[in-house]
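Each remark here refers to the structure printed beneath this line.
The basis for the numbers below is simple: all heavy atoms, side chains too, and nothing from hydrogens, waters or symmetry mates. None of these values were measured; they are calculated from a predicted model.
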4 protein chains.
Amino acid sequence: MTPERDVGPSPFDQLVGTEWLSDDPDGAKARVEVRDELKQPIGLVHGGVLSTMVESVCSRATALAVFDAGMAAMGQSLHVTFLRPITAGTIEVSAVARHRGRTTWVWDAEVNDAEGRVCALARMTIAVRPLPEGA
Amino acid sequence: MTPERDVGPSPFDQLVGTEWLSDDPDGAKARVEVRDELKQPIGLVHGGVLSTMVESVCSRATALAVFDAGMAAMGQSLHVTFLRPITAGTIEVSAVARHRGRTTWVWDAEVNDAEGRVCALARMTIAVRPLPEGA
Amino acid sequence: MTPERDVGPSPFDQLVGTEWLSDDPDGAKARVEVRDELKQPIGLVHGGVLSTMVESVCSRATALAVFDAGMAAMGQSLHVTFLRPITAGTIEVSAVARHRGRTTWVWDAEVNDAEGRVCALARMTIAVRPLPEGA
Amino acid sequence: MTPERDVGPSPFDQLVGTEWLSDDPDGAKARVEVRDELKQPIGLVHGGVLSTMVESVCSRATALAVFDAGMAAMGQSLHVTFLRPITAGTIEVSAVARHRGRTTWVWDAEVNDAEGRVCALARMTIAVRPLPEGA
């Protein structure tokens, strides 16, 4: 999916291999194909990949939603609870904006493997601030 | 620093560019040089890089500390509070194991930029479980 | 609702005034009537009341669910995100067990006011451990 | 200790029995004597008591520190990791403001029992906002 108004290329998401599926605050989604360079020493996908995907999905969807109001989005707090390791297939993150306030958005996210099992749960708080002038 | 008993190569840490400085549970440390491919769309280091570094430092130091007891370490919960963006220089994570229990280790970590400013604070809980047989 | 197998009287919940509505892991619930002694200095319900209710609902429902297997439940981590103050009426906590593992249960909880507005979101992790002998 | 400029009586802290020891952002402290009505069903101090104390200490110290600038303090996020149960003696919370920003203060807190053992670790984020007019 290519939103008409994009947030621009994101080098670290490209390094991770993130594929954007939806920027809808009621169900933002992204997916990554598991590959060896995303793993930690004992062959599981590194938790940092999941953390990165959660932050990207929530930040991007917030940024797109508040852009017209002249606001920018910035990660303020990320809390991930890891439930089940992922070793192969795909990693999919789905997130819902539970609070869309003037200064913060608060998201629930979950991470699923290719079989749809819940592998992690996350809460992300995004600060919403005026765009720097000239941005 | 190369510990005598290592946890093996970690592909995602290599992708990020993590340099291990210490595995001491009283002051575990790692460092990453900022480069463009670690950034998000508006030129700041992606929060996922910081989350990855925190998880790696705490997991690795726990794994090394419990290995002789036949135990393995696995990330259970990561909570990062972002305080200040990083755009250049180095990212350094320092972590202290505040609780070293039979089933969980709990870490405090902070992320500093090249000027030593605190850019993020984190709490990481690592589950300690018996090593799978044959591992 | 009075479960047949109860976890016994809970003095602090009585002090707070907690009324148990359901111990179902798919929708555990409790309610408190707002009264002045639950407030902080500027007249809002103290966040600690909400934290207490979340912990009680999740701990109690886990304890009842694992009791027959000879296990006990103990709070391990509570993370509450406060979204909107409560000043009057009722406070209702609803919680769903998202993960029911061998050693931990992980809950999502939300706190609503009398108008049904979401006033806080919480994630609670409960450790599940063998009951002490003789308990 | 009675600060010259107080935040006013706090009914829920009185119900819990909180004794204020310091409002210094470099080492804010409060203490509660354990008594039966603070316990959960199996005789441990309820985690909600610890959560309440952490929130009170951090909120109060922030409120006092920002009052002269015409600002108010409001709990935004509380994350408590429980490490060791408390059954008797005293509960003491100590907190340090690690970040004192324009819109948020971020605190590290720890909870100790009468023997000085660390029983819980907490991270509290306090939102700093303009005082309502007339307040």
- Task: Between chain B and each of A:Ala120, A:Gly48, A:Ala72, A:Pro11, count heavy-atom pairs under 4.5 Å; write down the option with the most.
- Result: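 Of A:Ala120, A:Gly48, A:Ala72, A:Pro11, A:Pro11 has the most heavy-atom pairs under 4.5 Å with chain B.
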- Task: Considering only heavy atoms and a distance below 4.5 Å, find which of A:Thr81, A:Leu83, A:Leu44, A:Leu78 pairs most often with chain B.
- Result: A:Leu78
With only heavy atoms counted, which part of [X] is less than 4.5 Å from chain B, the side chain, the backbone, both or neither?
| X | value |
| --- | --- |
| A:Val45 | neither |
| A:Thr125 | neither |
| A:Met53 | neither |

- Message: Please classify the contact of B:Val54 with chain A as side chain, backbone, both or neither, using a heavy-atom distance under 4.5 Å.
- Response: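 Contact with chain A involves no heavy atom of B:Val54 at all.
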- Do you know which of B:Ala127, B:Gly75, B:Ser77, B:Pro85 has the most heavy-atom pairs under 4.5 Å to chain A?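 Highest number of heavy-atom pairs under 4.5 Å: B:Ser77.
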- Who among B:Ile42, B:Asp13, B:Leu50, B:Leu15 has the most heavy-atom pairs with chain A under 4.5 Å? B:Leu15
- Message: With a 3.5 Å distance limit and no angle check, can you tell me whether B:Ser22 reaches the backbone of B:Gly27 through a side-chain donor-acceptor pair?
- Response: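 Judged by distance alone, yes, a pair lies under 3.5 Å.
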- Query: Checking A:Arg60 against A:Trp20: charged group under 6.0 Å from the ring centre and within 45 degrees of the axis?
  - Reply: yes
- Distance (rounded to the nearest 0.5 Å) between A:Ser59 OG and B:His46 NE2: 6.5 Å
- Task: Calculate, to the nearest 0.5 Å, the distance between atoms CZ and CG belonging to A:Arg84 and A:Asn112 respectively.
- Result: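 The CG atom of A:Asn112 is 10.5 Å from CZ of A:Arg84, to the nearest 0.5 Å.
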- Message: Tell me whether A:Asp26 is salt-bridged to A:Arg98, with the criterion being a basic N under 4.0 Å from an acidic carboxylate O.
- Response: no
- Item | Check ion pair A:Arg123-A:Asp108 (N to O, under 4.0 angstrom) | yes
